[in-house]
Amino acid sequence: METTSIVNNKGGVGKTTTAVNLSHILSQYFNKKVLLIDLDPQGNATKFLEMQHHNVTIANVLTERIDIRNAIYHTEYENLDIITANKELKDAFEIITKDDNIIGKNMILKNALSQVQNEYDFCFIDNSPYLTIGTDNALVASDEVIVPLNIDIYGFWGLNQLTDLIQTARETNPSLFFRGCLVTKYVKDETSEEYREGLKNQDNYPVFATHIRDTKKMRESTFSKEPIAEYSRRSSAAVDYMKLAEEYLKS
């Protein structure tokens, strides 16, 4: 199982949208067995897939060390499973952070995922915009990192902090790979092209060749709680996420 963290310390950049749609496309169009982990106390991925009625969540896995299989639920989409989250996850992060008796605090998720390592092709972790012990666990448990970002100066300012966090995680997880920045909500204009090319020319920040265009259909699919390839298969955003999936599988 290849595990990827979707992370950025800025909200509204498309982390959940990317985690959900990439998971959906790989499971539905490429016949991959995918596990999606909602590691954000807001539970947006959980709510998007309408799985919020389940009581056993990722919080129980982290604090009670239950068998992770007891927290995995099948979604309505074949080959796509989810571990859900709710506001209790914030309390779980605080418990783990404050309890000095917990050994290997950043290894809890990695150890839990080892139980299902051979049951999935891919695992995607949708992280909170707040950098917490949850983020530490996600990075230590992951093989690689994808950073969605918008073309604006605020998105770039946080990259140094993220690369420092990745470097720190490599002390425990030396093979952690920065897969790339994914430009989301892209609008083609001179400024966007200039910033995107500038980002690509920086050695510290690999960038996916694919970018996700900002479209009305993408926003509509979010409101309808349908992955974009279900809501509007021919929309530019669906085409872009399909290309992203192909790029992800090839590289």
Side-chain angles (χ1 to χ4, degrees), residues 1 3-13 15-16 18-19 35-48 51-52 54-73 82-117 123-149 154-155 157-179:
M1 179 174 73
T3 301
T4 300
S5 275
I6 313 290
V7 61
N8 195 321
N9 54 351
K10 182 177 183 293
V13 295
K15 290 188 298 297
T16 299
T18 296
L35 175 63
L36 173 61
I37 300 178
D38 191 343
L39 203 61
D40 185 347
Q42 296 179 82
N44 288 334
T46 298
K47 294 170 186 173
F48 186 98
M51 302 294 288
Q52 62 268 30
H54 295 292
N55 293 324
V56 181
T57 70
I58 189 64
N60 301 102
V61 175
L62 296 176
T63 58
E64 300 170 24
R65 313 296 177 90
I66 66 169
D67 188 322
I68 198 170
R69 293 183 183 87
N70 293 329
I72 295 175
Y73 303 100
I82 187 172
I83 300 178
T84 62
N86 57 31
K87 61 184 180 181
E88 292 178 359
L89 182 56
K90 182 179 179 181
D91 295 332
F93 290 161
E94 292 180 359
I95 290 170
I96 296 168
T97 301
K98 293 177 180 179
D99 190 343
D100 294 332
N101 294 318
I102 299 177
I103 298 173
K105 294 183 180 184
N106 61 355
M107 294 283 293
I108 300 172
L109 183 58
K110 181 179 179 66
N111 292 336
L113 281 174
S114 67
Q115 301 171 55
V116 294
Q117 183 67 34
C123 172
F124 292 97
I125 306 175
D126 181 27
N127 285 273
S128 164
Y130 303 104
L131 304 181
T132 66
I133 189 66
T135 317
D136 295 339
N137 266 265
L139 293 178
V140 169
S142 294
D143 299 297
E144 54 192 32
V145 181
I146 294 176
V147 178
L149 54 79
Y154 306 111
W157 283 347
L159 279 175
N160 285 336
Q161 185 180 9
L162 286 173
T163 51
D164 288 344
L165 193 67
I166 292 169
Q167 194 58 42
T168 298
R170 284 177 177 148
E171 295 174 9
T172 305
N173 180 12
S175 62
L176 181 63
F177 178 55
F178 187 176
R179 187 65 171 271

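Computed over heavy atoms, backbone and side chain alike; hydrogens, waters and symmetry mates excluded. For this chain, numbers begin at 1 and follow the sequence in order.
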**OP:** State whether the side chain of Lys47 and the backbone N or O of Gln42 hold a donor-acceptor pair below 3.5 Å, judged by distance alone.
**Re:** yes
Original post:
Where do Ile133 and Phe93 come nearest, in terms of heavy atoms and distance?
Top reply: CG2-O, 3.6 Å
**OP:** Starting at CG of Leu109, measure out to CG of Leu113 and round the result to the nearest 0.5 Å.
**Re:** 4.5 Å
Original post:
Taking all atoms of both residues into account, what is the closest heavy-atom pair of Met1 and Gln117, and its distance?
Top reply: O-NE2, 2.9 Å
**OP:** Any chance you could measure Met107, atom CE, to Ile102, atom CD1, to the nearest 0.5 Å?
**Re:** 14.0 Å
**OP:** Go through Met51 and Ile83 one step at a time and tell me if the side-chain contact (heavy atoms from CB on, under 4.5 Å) criterion holds.
**Re:** CA-CA 9 Å; Met51 302 294 288; Ile83 300 178; over 6 Å; no
Original post:
How many angstroms lie between atom NZ of Lys90 and atom CD1 of Ile95, to the nearest 0.5 angstrom?
Top reply: 13.0 Å
Original post:
To the nearest 0.5 Å, what is the distance between CG (Leu39) and OG (Ser128)?
Top reply: 8.0 Å
Subject >> Greater than 12 external heavy atoms within 6.0 Å of Glu144's CD >> reply: yes
**OP:** Quick one: do Leu131 and Gln161 satisfy side-chain contact (heavy atoms from CB on, under 4.5 Å)? Show the steps, please.
**Re:** CA-CA 10 Å; Leu131 304 181; Gln161 185 180 9; 3.6 Å; yes
Subject >> Side-chain donor/acceptor of Asp136 to backbone N/O of Asn106, under 3.5 Å >> reply: no
Original post:
So which heavy atom on Thr135 is nearest to which on Asn127, and how close?
Top reply: CA-OD1, 3.8 Å
Original post:
Donor-acceptor pair, Asn173 side chain versus Leu139 backbone, under 3.5 Å?
Top reply: yes
**OP:** Taking Asp38 for its side chain and Thr46 for its backbone only, find out whether a donor-acceptor pair lies under 3.5 Å.
**Re:** yes
Original post:
Looking only at atom types and distance, does a side-chain atom of Arg179 sit under 3.5 Å from a main-chain N or O of Ile146, one as donor and one as acceptor?
Top reply: no
Subject >> Heavy-atom closest contact (Gln115 atom, Arg69 atom, distance) >> reply: O-NH2, 2.5 Å
Original post:
Under 3.5 Å, side chain of Asn8 to main-chain N/O of Val147, donor-acceptor pair present?
Top reply: no
Subject >> Stepwise side-chain contact (heavy atoms from CB on, under 4.5 Å) test for Asp40 and Leu89 >> reply: CA-CA 7 Å; Asp40 185 347; Leu89 182 56; 5.6 Å; no
Subject >> From Thr84 atom OG1 to Gln52 atom CD, the distance as rounded to the nearest 0.5 Å >> reply: 9.0 Å
Original post:
Considering residues, nucleotides and ligands other than Asn55, do more than 12 of their heavy atoms fall under 6.0 Å from its CG?
Top reply: no
Original post:
What distance separates Leu35 CG from Tyr73 OH, expressed to the nearest 0.5 Å?
Top reply: 12.5 Å
Original post:
Can you name the closest pair of heavy atoms from Ala19 and Asp126 and give their distance?
Top reply: CB-CB, 3.9 Å
**OP:** Give a yes or no answer on whether the side chain of Asn60 reaches the backbone of Thr57 with a donor-acceptor pair at less than 3.5 Å.
**Re:** yes
**OP:** With the side chain counted from C-beta on, respond yes when Leu176 and Ile166 share a heavy-atom pair under 4.5 Å apart, and no when they do not.
**Re:** yes
Subject >> Shortest non-hydrogen separation from Ala45 to Ile82 and the atoms involved >> reply: O-CD1, 4.2 Å
Subject >> Full working for side-chain contact (heavy atoms from CB on, under 4.5 Å) between Thr132 and Thr97 >> reply: CA-CA 9 Å; Thr132 66; Thr97 301; over 6 Å; no
Subject >> Of Ile37, Asp143, Thr4, the residue whose pairing with Cys123 passes side chain to side chain contact (heavy atoms under 4.5 Å, CB included) >> reply: Ile37
